[in-house]
Structures are given as structure tokens and as C-alpha cells.
Amino acid sequence: MSKISFWLQRVAQLLIVLLLVTFGVSLLLRLIPVDLATILLPVGSEIERDLLRTELGFDKGPIGYYLQWLGDFVQGDMGKIYFSGGTEEVSTHLRNAMPRSLLLMIYTQVTALAIAIPLGVLSAYRVGRRADKITSNILFTLSSIPNFAIALLLIIFIGVKLAWLPTLGYAPLSDGIWEHFQYMIMPVISLSCGLVSTYTRLLRADMIAALREDYVTMAASKGLSDRRILWRHVFRPSSLTLLTSAALSMGALIGGAIVIESIFATYGVGFEVFFAIQGRQYVLLQSTVAVIALFYVFFNLVVDLSCGFVDPRTRDRRVNA
Amino acid sequence: MSSLLSVKGMNINFDTSRGLLEAVRNVDLEIPAGMSVGVVGESGSGKTVMCRAAMGLLQGSNVKRSGKVVFDGRELTAMSKSEVREQFGSGMAMIFQDPMTALNPVRRIGSQVSEGLRVRLGMSKKDALARSKELLELVRIPNAAAVLKLFPFQLSGGMRQRVMIAIAISCSPKLLFADEPTTALDVTVQAQILQLLRELREDLKMSMVLVTHDLGVVAGNTDYVAVMYAGEVVEFAETKKLFADMRMPYTEALLESIPTIDQKSGARLAVIAGRLPDPTDRGAGCSFAPRCKYAQDKCRNEHPELKQDPDGHLYRCWFPIGEAK
Amino acid sequence: MAGSGTAHMRNTVDAVLTVRDLTVEFRTGRDKVVRAVSGLSFDVIKGETLAIVGESGCGKTTLARAVLQLPPPNSGEVVFDGTDLTTLPKENLRSARTSMQMIFQDPISSLDPRMTVQQLIDEPLEIWGRGDRAERAERINNLLNNVGLDPELVLNRRSYEFSGGQCQRISIARALALDPRMLICDEPVSALDVSIQAQILNLLQDMKDRFGLTMIFISHDLAVVKAVSNRVIVMYLGKICEVAPPETLYAKPAHHYTKALLDSVPVADPTRQRKATLLQGEPPSPMNPPTGCRFRTRCNAASAMCAEQEPQLREVAPGQFVACHHPIS
Amino acid sequence: MRSYSKPTLLAIGWLGLMLFFALFGWILPFKEWNYVFEDDLEMGLFSSGHILGTDSNGYDLLASIVAGTRMSIFIAVAAVGLGGLIGSVLGIFSAYVRGKVDTVMVTLFNVGLSVPNLVLALALVSVLATNVDINQAVPTWRRVMVLIISLTIILIPILGRIARGATMSWAGREFVTAARSMGMKDIKIITKHIVPNVLPALIAVAFLAVGVVIIAEASLSILGVGIPDGASWGGMIARGRNDLEYAPHTLYVPLFFLALTVISTNHLGDVVRSKLDSREAKV
């Protein structure tokens, strides 16, 4: 099988997963034991509600409803949010929320990796020594503290007591770098603490295992320096797990972001989910979950691809498998 | 004859959860320049640890070592880590048992072969790659230019072992440690690799330490043999002399117990009773005494010292074979 | 070589196991099929030890497992004691398997690490309800004594507390528990130390004599094979090259591959180093085997005919069968 | 029997205390967790009569913690137990059977895993905990049930995948082939050889999962869809958030209990895992 057809197959698999996810959410909404139109238009007339039922396809049964939603979704129509005074487009909401969340994720991942990589390499190199033991213990504790706890503590100390940073809100990059980052620092710290410890622990374990391999002894017998061996021969194969784990932790990160965005009032995608549930905006909920799943699945695909670049073995194994 | 490498009083112990593991015990070994020396032993005999320690490649915080290693007139054990490193490549090099695990799985063959050339000889990337291609041709890899661009997993076991040999000889070492270089290979490929090593040794005037568990491999490929058991060198002699006139009961028993293609089919094999000694509990007497058919009380209670025949044949036994005659 | 044919089949009533035209394939991708064993036939006569020898990847282990239907072969028949195992319903197969037991290469992985020796050997007896508790305990003691282990010392210990040789003894005791008629040994000594190998080989020989077993012995080690076998099959890339009694095969190999194998074995005698005619290259991939004779790509005697026609097994000396267009005479 | 290290003993001790709170909290001489001490609003830590102080509603925090422990631990144990059971049965079965069943199962697991945990939990809770009459509040017991079901659904693919992976690696060992060649039935091979070997890995993950569930429950409460006015740690955190400027201890107390519990379960998970690894190394 060629590489291209392998990737096509992989993409097809992901599409199936996506379809099943969105269908599942759609089905879930139909399970609600109440009339959706009544929830969306609590004060409207029965005629208006009937119109809405036809518009959204509530009258078509689960599969018909899903197909209609899907058809609209792929054309970019993500449905509406219903207020007492009128409606707003979900896509407008998400277009506003997406960059906030994306930036938050990117900053978090970058921060986490930037701290975890040197820390992991160092503690693997000095395994069993004091520095390694101390880092391990601190990181272990950190990994067990939920991100909302860190967020709340940061708000109490840095936001309220010291009043160094604003505790609520968001400013886009166009408002100035400092403007932007002063709203981002605390959310990013809250979200990255757990990741730092996950990544460091993984990288450390992987590198310790790699350091025992024959190819490391082989590299040493060529007369290479420790630094060269560490980065060129040990870090690269170990970074594969790191990459995979970065993809896997994306899910936890998105979940964490919902809480953190609501605590810091960042109004990102996570907040939209929160808002959709609080305000019973089920169309918004369905489309937002679909967008999140799409993003998550896409990210996994990218990681899969890059694994192939980092470790040629997986490339071949997958082509063969 | 001058020694290229001499090991004196080497002891290597590992701190383990089960207690102190005595891997290498009081080993003296001379590797004459230009010669090939076989180190034979079963698993746990300390042969691999001894070689890695001699080269200064043994790492880990739980290793305790003592003894002196002199290579090419300079004492390795007195050098700093970076000075020892200077010796690698052009002084000493090593090849390993499993070429799959000894080559970095995620780097191309070209970068792995040329790495030593660039770091140790300071070649440019282009020169180093050109030289790498020559090296691959030297170890008879067909299509060398294409192989440079491959990853280890894309090669067969025999080809990988050839790549490893190419890496080891890239800076023309004086001494090559070959640690079970053919154990992971099929018998027809093993024969090819052994032949390649013989030819390279002749062409490059290289000394070799060949570590193996296979007395057959030793017989055809070495000038001297050191037999190891339970961390000690128990016998050392010229290969021809050793096979003709062995002194250690262990060596004799080992040779007798190995099935050969010349023996009668269906014949009962001679057996060494018992099992390999526990490396954390070496006991007082001769390590082989519990399994030795000649053992007497003295063997069980007193540890034999290394004795030497006038012709240089060394052995560690109270009642060596042939002495009674 | 690496040919087909049935000339070597003895077709006697004494055959305990007859394998005909056995093919095992693995799918390794959408349209990639590895034919690990293709169209192979052989028979094993009561009380003999048939050795199957070949290099890694020649299909010898796959063959052994296919005989036990683990997993079943893609085609062919496996007639054991007059019953074709490939067509047997699952329940009957389960009981048929008990008279055919296997010894594995990795003695440690073949024993469940959570179970004591007592439980390990008791397991087959318990499955088939052989005897009550006391009878089984006695049987376990007997079995352990037979394989040279002291029941009192080993019964309550687990596999990881033992050395490889001892684990192999336990495996043998377990395999013998159900009074099998046939033992299939897959590289039983290649994971063991040199000084332990002979112990296990002798033990297998003793057990065979004592219990009247028929054996299939798989190995890559020609010397080991010579020590234990009555008949040897040399395999290459899923096909048979040569079938002969060991004396004939080792003294006068008729197949070029057999000769190359024998020439490659190192001899523990510095005065008698053979001048080996080395085989070039390595075995090709079983995914895409050469046409005609599968060995021709590495054979010095290969001719145009070898690429076109697959050689059939034929008798070149009494009891010696070879699949080669140009056998060594 | 090997002795345990100090941190391990501390973790066991702490979890023991939490279990005691959960099972026997009712014998302790407290008033109802939501009894209002009208004269004792927002009292600090170690006040007389209220060791952990009170919050702005006048609830005694220690009584709340004890009641909250019952709820949080109940939800965690129930969800992990159910999710673990269903997940491991599915995972072990599909890995052992292989083939089409396995492909379908893996796809289903992937579907479950491709929606981030909390998003899935939010969606499930919000849908399942909706009343026919939207103006009528959903009773607490039903919220708890919904929460447990949602968290169970989340855990199934996570634990299922781990069970599947572990089964794959054990089912390939030769002793399984040996058991088959002795004529052992598949169901017995699974119960006698696979399950006991897979179990330690599952137990290790189950400990971690308890932590995940506790955190998820708290997160949902903070988002207002947990048990907002019920006695759970999450509920306390959600209430304390409103007072964080004036009475931060109302936040510290539940956070402290929650963090220590999660640290303990994670630590025990690690201990089980490393025991497993060292045993694996021996094998």
C-alpha cells in the first residue's frame, strides 16, 4: 500500500469517527424528554415554534434531523442562538470565540513544552540524584492539583491581594502585546501546570529507558560527547511519546479550558459550551461540540503525521500494517 | 610480544536490590598487538561487562569498580572522561550483539556512519558521507549510496551488522571489541560476518577481542582464548594449545557437552550437572566446584589462584587436567 | 529447492501424523500476503523424532503451530491418529489437542507468572478432570521427579524464581501431564545457556523413551538436530529442500542449501577449519518469493530451468529426498 | 511482606479518613451540613465551635466537608466501578476475540475519546438532567444519578482501551498458546490467565480514574451543572468562589481536601504501577 492511500485511509477513519460523534450528539439532543422548540422559543407563539420545527428539521425524526443539520453544517451554517429579542448566528459567535481559545491552547502547549523538555532531559540525565528527586516530587504534586484550584489561588493572590493582573476578561493582540498577555498569563499558568508535569514525567521515563539501550553505548563508543548523545541519540526517539501525549492531552486541555475560560471570563469556545448549556441553546451546543471534535481529530491527524517524521519506524509499520 | 591492552586486577560489582552482584572478579588479561583474542563464557560469566569496563563504557551510579586498564601504553583508568573519549574511534571501537538495538532507530544509516568521522576526525559533512559510502563498500554492502539514506529497520540483520562494523572501523581503530557479533544472526549469515571480520582484521592490522559463548566461533577466529566462568578468567592460552591440551575441567566439560555436527546421531550428550552460579553469592571455593566431576574437598573450600605453565598457559584450578598424567 | 512434492511420504499405517499440502498465509496489509508455509507435506511415524531445520523466517514455527491448529492453516490436511484436525468441530479439537503437546522456545514466557509450579502442572489435569485432588497431587510429584526437579523445593514457587533451564523442565512436566502421544518442541534449547542445553536435550530424549513419544523437533541448530533426530526436513522460505535421515544428510547433503548450512556451522576445533563455500546474501522476503526454485537467488548451481520450474522432491539415495534440479551427487 | 514508604502510608491514611467520613460521617456529632448558624457567618479557620470556620451562608465547613466527602466519594467510586467493569469487559473481550468485533469496538472507543471528557460530561449532564417541565428544578438524587452515568460513560472508553492494550500483550504470550494446546476453553483462559494478569494495570488506572472523576465532578459544579446546591466538594468550591475576596478560607478548605485526596489516589496508582513494572522486569 502506498503512503498516499495509507493517509487517505487514515483520513477516512477519522471522518467516520467525526460522523459518529456528531450523530451521537444529535441523537442525544433528541433524547431530551422535552420539546426543543419550546425550550428555544419559550415566549414565542405555537406558529413560530412550528416554523422553527420545520426549519431545524425537528419533525423529521433523528436521522432526518441529523442529515439536515449536517448539510447545513458543512455549508458553514451552524444554526442560530435564540434570544427573547431575536437570533444570532452561531458561526458569528464561534468566529469570535475561536481565536481566543486557540491562542490560549497554543500558549499553554508552548509554555508546557518549553519548561518540560529541558526539565525532563535534565532529570533523566541526573536520574536518582537530588535534583531529580526534588523535581519529581514537585511535579507529582502539581499533576494532582486540578487546574481550577490553581486558577482560583492565582486569582486570590496575584489578582486580588497583589492586584498585579486583571482577573477577568480578554484583550485581542491588536490591543497591544502587554494588554493581550496580562489577560492570558494566569489562564495559561493554570492550564500548563498539569501538562508540564505530565510531559516531564513522560519524557524522563522514556529517556531513562533510551539511555539503557545499546545504541547509546554504541554512540559513546564512537567518542561522542554526553551532550551530543543526549540530544541527538536519546531525545529524538523519546520525543515521539511526548508528541503523542501532547495530542492526547489536547482533550483534557479543551475540557480544562472550559472551566478556566469561565473562571477568567475569557469567552472562548469553552465558554460557548458553558453558555449553551446554561442557556439551553442546544443548536449552539451541537455545533460547538462538532467544531471541538473536528479540531481535536484534526490535531490528532497532524500528530500522527509528524510522528512519521520523528520516528521512521512508525511510518513504515503503519504502511505495512 | 607487547600488549596493546592490558587489564590488571579488574573487579566490577553492581549494587542491586538482591545484594552486591560480583560481575567481574580479579581479572587480568593481556591483548597482544595485532592478535585476536576470544573471550568465551556463558551468560553471567562477566564477559560483556568486562569488555565494556575495559573500554570505559560502563555507566551507572550502582557500579563499583577497581583495577587498572592500560591501552597502547597509557593508563585509561587514570584519565578523565574526555581523555578516554579521545581514545574511541581511532583507538578502540566496539560492535554489539544485536544490530537492531545498537543502531539508533530514528536516524539514517548515513548520519550514523559519518557521525564518528565528523566528531573524531573533524571531516566535513560531504567528505564524511563520501567516506561512509566507501566504508559501506568495504564491508560489502551492495548499493552503498542508497543504503546511506535508509533507516536501520529497513535493512536485514546481516546488513545491519555490516553497518555496525563499518561504523566501528570508520576511524581505523587499533582494537575492536566484538561483543557476540553473530549471536543474533542465522548460521549462513554468521559465517559471512565472521569471514568479513577476519579479512578486515588482516587488511587494517587491527587487534580484536571477540566475545562469544560459542566455542566453535572461537576456534576458527582467534589466536588466543580466555575462558570466563562466574566473573573470573579461569583459563587463558593460545587457541590451538587450549583446544589441544585444556587444563580447566570447566572448559573440557563445556566442549564435551556441546552437540556437534560430527558426532553420532542419537548418541547421549555429556552433561554438566547443576546450574550456573548465583552472581550475588560466590562462595569460598572454586566457583565451578559444585558442578565439577573432579572436585575434591580442597576445591570446595579454597579459592584457586591463577597458575601458569612454562608456555604461558594460565588456568585457575587445584587439580588441572593433564597434571596427573 | 524449496520445492513441492510428496515422494518422501511413506504412507504407512504407522504414521501418527500426516500433513498434506499445508499452506499458512498471513495478511500483512490490504493486498499483501505472506505465505509462511506453502504446500508442505510430511508424515511422522510412531516413535520417531522428526526434525525441521531452517533459518529464521523459513516458516518452521508457523508450521508447528498450524499442526496444532493454533491458528488453523489456510488449506491442507493435518491427519492425526486417523482424524483430520482441520475439519474437526471446536469441541473435538480441544480434546484432540491434548494428545499433542508443545514445548516453546521461551521457557519463561510459556509459564503464567502468577501461578505456582503446582498450579501450572495441575492445570491440564484439572481441565480434563484427571483424578481427584490427591491423585493429581501424586501425579504432579511424579512428573516433577521425572524431569529432575525436587517437588518439595519447587511446588510453591513461581516461574520467575527459576532459571531458564528449570522453567523448561517445568514446561516439559506440564506437557507430559496429559500423557500426550506426540510432543512438538519449538526451539526448546535455543534460549538456554550452552552448559544447560545438553541437560534438556537428554531429558527430552529420556522422556521420549520412557513414555513412547513421537516428536517433532524444530531448530535452527544443525548440531542439536543431529543429536536428537531420526529424520530431518530442511526448510527454506516455506518449502522443503531436503528430507533424509541425519547420517545421510550430514555426510552427503544433496541440496546446495543443506550443504551451505553445514559448511557455515563453526567447528570447535582450530586444526580442522573447513574451507567454507559461503552463501551469498540473505533469504529474500517471503512476501515476494523467487519464482521456480525459491533458493535459486543464492545458489551457485542455479540454471535457467530453476527460475522457470519448481523442483519436485525426488529420491536420490535410499531415504534421501531432495527438491533440486541439479542435486549434489 | 514489604513495608510501605512514608508517603504511601500517609496516602493510605488519608484515604482511610475520607472513607470513614463517607461511610460513618453520620455518627459524628454535627448538625446537618446546611444548618444555618445565623450568628456565625464567615468565621475563619479554627474558630470556637467551627474548627474549619463557616461560610457566608452560615454553614459549618467541617460538616459540609464530611457530607461532601460522602457525595464525592460515592460518585467517584460508583462511576469508576461501573465504568471500569463495563470498560474492562469490553476491552478484554474485543482484544481476545480480535477481528471485526475488535475493529468495531476500537472505533467506538475512538468516538468516545474524540470528544474531550468534560465536553462530553457537560453535554450528557445537561441533556439527561432536563425536566419535562423546564421550570421545575431537577431533584438532587436525579442529578447525582445523571452525574454518575455521565462519568461512567466517559470512563468506559478510557479504561476499555487500557484493558484492551494489556490483554493484547498478555494474550500473545506463549503460556496462553500453551493453555490452548492443553485444550483449555477460551472463557477459562480469559478468567484464569488474562484477567489476573491484566487486573493490576487496571487497578493502577482505576486509582488515577478516581482522581479524574473527583476533579470532573468539581469542574461541573463550578460550571453550575454539577450538584450546585448539594453537599459535594465541587458544590462547596462553587459557593466559595463567590466569596473569594472576603472569605478565601471557604475556598481553601474544600480545595485542600480535594487536592489531598487526588494526590493520594494518584500516588497509590503510581505505587501499584511501579510494583507492576518491577514484577514485569522480573518476568
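A note on names: the letters A, B, ... follow the listed sequences, proteins ahead of strands, and every chain is numbered from 1.
- Rounded to the nearest 0.5 Å, atoms CE (Met218(A)) and CG (Asp179(B)) are 12.0 Å apart.
- Lys81(B) has its side chain within reach of Asp226(A): a pair of non-hydrogen atoms, C-beta onward, lies under 4.5 Å apart.
- In this model, no donor atom of one side chain and acceptor atom of the other lie less than 3.5 Å apart for His233(A) and Gln112(B).
- With contacts defined as side-chain heavy-atom distances shorter than 4.5 Å, the pair Lys222(A)/Phe88(B) does not qualify.
- The CZ atom of Arg232(A) lies 11.5 Å from the CG atom of Asn104(B); values are rounded to the nearest 0.5 Å.
- Expressed to the nearest 0.5 Å, how far CG of Leu224(A) lies from CZ of Arg118(B) amounts to 11.5 Å.
- In Tyr125(A), the OH atom is not crowded: 12 or fewer heavy atoms of neighbouring residues, nucleotides or ligands sit closer than 6.0 Å.
- Among all heavy-atom pairs drawn from Leu57(B) and Ala220(A), the shortest one is CD2-CB, 3.6 Å.
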Just do the side-chain contact (heavy atoms from CB on, under 4.5 Å) check on Leu103(B) and Tyr215(A) with the steps written out, would you?
CA-CA 5 Å; Leu103(B) 292 174; Tyr215(A) 62 76; 5.6 Å; no

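- For Arg212(A), the CZ atom sits in a loose shell: 12 or fewer heavy atoms of surrounding residues, nucleotides or ligands are nearer than 6.0 Å.
- Across every non-hydrogen atom of Pro237(A) and Val106(B), the tightest pair is CD-CG2, 3.8 Å.
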Under 3.5 Å donor-acceptor pairs involving side-chain atoms of residues 249-258 of chain A, not counting sequence neighbours:
{"from": "Ser249(A)", "atom 1": "OG", "to": "Tyr199(A)", "atom 2": "OH", "distance (Å)": "3.0"}
{"from": "Ser249(A)", "atom 1": "OG", "to": "Ser245(A)", "atom 2": "O", "distance (Å)": "2.6"}
{"from": "Ser249(A)", "atom 1": "OG", "to": "Ala246(A)", "atom 2": "O", "distance (Å)": "3.2"}

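- A heavy-atom distance below 4.5 Å is found between the side chains of Arg52(B) and Thr217(A).
- Contacts of Met92(B) with chain A are made by backbone atoms alone, with heavy-atom separations under 4.5 Å and no side-chain atom involved.
- Residue Met55(B) touches chain A through its side chain alone, counting heavy-atom pairs closer than 4.5 Å.
- Of the inter-residue distances, the one linking Leu176(B) atom CG with Ser221(A) atom OG reads 9.5 Å to the nearest 0.5 angstrom.
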